[in-house]
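Written out below as structure tokens is the structure these notes cover.
Keep in mind that what you see is a predicted model, and the values were worked out from it rather than measured.
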Amino acid sequence: MNDFDPNTTVGRRGLILKLLDEKGQVNVHELSEQFNVSEVTIRNDLTQLEHKNLLIRARGGAIKTDKVTLDMKLSDKKVKNAKEKEAIGKRAARLIEEGDTIVLDSGTTTKEVSTHLSKFKNLTVITNALNIAGPLAELEQINVIMPGGVMRKKSLSLVGSIAQNNFKNFFCDKLFIGADGIDVNLGFSTPHLEEAALNRTMLKMAKKVILVMDSSKFKKRSLAVIGQINEVDILVTDKGITEEDKEKLLNAGVEVIITE
């Protein structure tokens, strides 16, 4: 930490970011004592750093952030870890049975699940994702339901109060859901508040929750929490997952499926 002068505003903020990188979170009161400045000054530091997307304000302090917290376009997400997502989607689709009613959340990994459904003779798919519903509409044997909502152009998904209220009218056998970040202690999350609210509604309507996400999402946090780990029945991910995270998931009662 000697590269920064704690007696200057720039130096103090640089040290705060270093502390965040090391600890994952910081506390206003502790920072105030450490730097011998008022809590008002520290809160201002955190606010300015948040405006630059360098951290996320939390009650009494802040938590570490990175690009996962940004609301990225679907086209940008699609190219990231594409091979891992394809393998995860293919493996997750094997969990579906004939006659199932499933929900496919919007996202690039759930999109990969949808590409492996043509073999089914009787399947009902509920989705809020336009890029998933369109191709599935070409398959006569698959009944597609879109509960409606306001379109988010970045994700090609339908969200908002209309979507939430309509989703409450359905139940499903299996929910396939993705996330932008997962912390095994704090849960899985997304940068968008309305997406998170709709996802929480989806969790309540599903008999079985299947989280599909590549290992790069671990130890990352986004703005809005979707759910806790104990709400997940199965996680499908790639071999990049650490033994520590895998053990914590198993201890929480989550079945972990790792693709080749």
Side-chain angles (χ1 to χ4, degrees), residues 1-73 76-77 80-81 152 154-155 178-200 203 211 213-232 235 237 240-249 251-252 254:
M1 292 190 182
N2 296 329
D3 296 337
F4 297 94
D5 182 357
N7 297 313
T8 67
T9 299
V10 172
R12 186 176 61 249
R13 291 175 183 176
L15 289 171
I16 289 173
L17 291 175
K18 277 200 168 187
L19 285 168
L20 266 176
D21 190 53
E22 294 169 3
K23 299 170 61 177
Q25 60 184 27
V26 291
N27 176 272
V28 169
H29 179 69
E30 292 175 356
L31 291 175
S32 174
E33 291 191 338
Q34 179 173 343
F35 294 112
N36 194 29
V37 295
S38 70
E39 292 189 5
V40 172
T41 297
I42 294 297
R43 290 193 184 95
N44 183 58
D45 288 339
L46 299 181
T47 297
Q48 295 305 314
L49 292 171
E50 184 180 42
H51 287 164
K52 296 179 180 180
N53 291 316
L54 296 174
L55 55 78
I56 296 176
R57 289 297 307 274
R59 190 170 185 177
I63 61 175
K64 183 179 177 181
T65 184
D66 53 36
K67 288 185 178 180
V68 75
T69 62
L70 301 180
D71 194 9
M72 297 173 62
K73 291 182 180 179
D76 294 330
K77 289 183 177 182
K80 296 184 66 175
N81 304 303
R152 287 192 63 226
K154 280 190 175 181
S155 62
D180 292 84
I182 179 171
D183 182 307
V184 293
N185 297 312
L186 301 177
F188 48 107
S189 53
T190 177
H192 198 270
L193 294 173
E194 287 188 309
E195 289 274 11
L198 179 58
N199 290 158
R200 287 192 289 270
L203 292 176
L211 185 59
M213 60 192 316
D214 65 86
S215 60
S216 72
K217 307 291 181 62
F218 278 83
K219 293 183 172 64
K220 294 183 178 179
R221 306 165 188 168
S222 285
L223 175 64
V225 174
I226 297 170
Q228 303 302 312
I229 296 304
N230 59 13
E231 296 179 83
V232 177
L235 168 75
T237 189
I241 184 175
T242 66
E243 284 299 321
E244 178 188 7
D245 283 332
K246 180 181 176 182
E247 184 177 350
K248 287 182 178 179
L249 288 163
N251 289 338
V254 180

Taking the side chain as C-beta and beyond, is there a heavy-atom pair between [X] and [Y] under 4.5 Å?
X    : Y    : result
I63  : R57  : no
N251 : E247 : yes
F188 : L235 : no
K154 : E195 : no
T9   : Q48  : no
V37  : R12  : yes
L49  : R13  : yes
L203 : V232 : no

Atom [atom1] in [X], atom [atom2] in [Y]: separation rounded to 0.5 Å?
X    : Y    : atom1 : atom2 : answer
I229 : D183 : CD1   : CG    : 8.0 Å
E194 : S155 : CD    : OG    : 10.0 Å
D45  : L31  : CG    : CG    : 8.5 Å
K219 : L186 : NZ    : CG    : 12.0 Å
F218 : I241 : CZ    : CD1   : 3.5 Å
L19  : Q25  : CG    : CD    : 12.0 Å

If I compare all heavy atoms of [X] with all of [Y], which pair ends up nearest, and what's the gap?
X    : Y    : value
I226 : G178 : CD1-O, 4.1 Å
A179 : S189 : CB-O, 3.5 Å
L15  : P6   : CD1-CB, 3.6 Å
S222 : G181 : OG-N, 4.5 Å

Name all residues meeting the side chain to side chain contact (heavy atoms under 4.5 Å, CB included) criterion together with Q228; count only those two or more places apart in sequence or in a different chain, and write none if there are none.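 Once residues adjacent in sequence are excluded, the partners of Q228 under the side chain to side chain contact (heavy atoms under 4.5 Å, CB included) criterion are V225, N230, E231.
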Within the distance-only criterion (no hydrogens, no angle test), does the side chain of K220 pair as donor or acceptor with the backbone N or O of S216 below 3.5 angstrom?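 Checked: pair present.
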So, T237 side chain and M213 main chain: donor-acceptor pair closer than 3.5 Å or not? yes
side-chain contact (heavy atoms from CB on, under 4.5 Å) evaluation trace for N36 with E33: CA-CA 5 Å; N36 194 29; E33 291 191 338; over 6 Å; no
Apply salt bridge (Lys or Arg N to Asp or Glu O under 4.0 Å) to the pair K18 and E22, showing each step before the final yes or no. CA-CA 6 Å; K18 277 200 168 187; E22 294 169 3; over 6 Å; no
Please determine if E39 and R43 form a salt bridge, counting it only when a charged side-chain N lies under 4.0 Å from a carboxylate O.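 Salt bridge between E39 and R43, a charged N being under 4.0 Å from a carboxylate O: yes.
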Are D245 and I182 close enough, and set up right, to give a side-chain contact (heavy atoms from CB on, under 4.5 Å), and what steps lead you there? CA-CA 10 Å; D245 283 332; I182 179 171; over 6 Å; no
